[in-house]
Amino acid sequence: VLDTARLKPLWTVQQCSNLGFAYARKETLAEASSILRDGVNTYPDSMPLAQKLADVLTQMGNKDEAGQVLAIAQRR
């Protein structure tokens, strides 16, 4: 997760969320995490995106990274 937000967004928060959720439902978790990670980097104040990313990372077995994502998001 970046410390500074992306200057020009590729998608809206809702689009990131929907696309990440769709990939997660298809069990393509690597793709879901990539989309959600980009969303969190673009919209660092979006707790829903951070929570979805943490959920996907947990499903991938990356519980420590999921905890770090949530901790960073809560500090913002």
Engineer: If you round to the nearest 0.5 Å, how far is CG of L19 from OG of S34?
Structural biologist: 9.5 Å

Engineer: Checking T12 side chain against Q15 main chain: does a donor-acceptor pair fall under 3.5 Å?
Structural biologist: yes

Engineer: Can you name the closest pair of heavy atoms from A54 and A66 and give their distance?
Structural biologist: O-CB, 3.4 Å

Engineer: Using the test side chain to side chain donor-acceptor pair (under 3.5 Å), find all partners of S46 that sit at least two apart in sequence or belong to another chain.
Structural biologist: none

Engineer: Locate the shortest heavy-atom distance separating L29 from Q59; write the atom from each residue and the value.
Structural biologist: CD2-OE1, 3.5 Å

Engineer: Quick test of your reading: applying salt bridge (Lys or Arg N to Asp or Glu O under 4.0 Å), list the pairs with at least one residue in residues 59-69, sequence neighbours left out, ordered by first then second residue.
Structural biologist: R37-E65

Engineer: Side chain to side chain contact (heavy atoms under 4.5 Å, CB included) between L49 and Y43: does it pass, once the steps are laid out?
Structural biologist: CA-CA 8 Å; L49 282 178; Y43 303 101; 4.3 Å; yes

Engineer: For D38, is there any backbone N or O sitting under 3.5 Å from a side-chain donor or acceptor partner on T42?
Structural biologist: yes

Engineer: Counting only N and O atoms by type, is there a donor-acceptor contact under 3.5 Å from the side chain of S33 to the main-chain atoms of V56?
Structural biologist: no

Engineer: Would you say that W11 contacts N18 through its side chain, given a criterion of any heavy-atom pair below 4.5 Å between the two side chains?
Structural biologist: no

Engineer: What's the spacing between F21 CZ and I35 CD1 if we round to 0.5 Å?
Structural biologist: 15.0 Å

Engineer: Please enumerate all residues that pass side-chain contact (heavy atoms from CB on, under 4.5 Å) together with A50, with sequence neighbours excluded.
Structural biologist: V40, M47, V69, A73

Engineer: May I ask you to decide if V13's main-chain N or O and S17's side chain share a donor-acceptor pair within less than 3.5 Å?
Structural biologist: no

Engineer: Please report the closest heavy-atom contact between A24 and A32, naming both atoms and the distance.
Structural biologist: N-CB, 3.7 Å

Engineer: Within the 4.5 Å heavy-atom criterion, are N62 and T58 side-chain neighbours or not?
Structural biologist: no

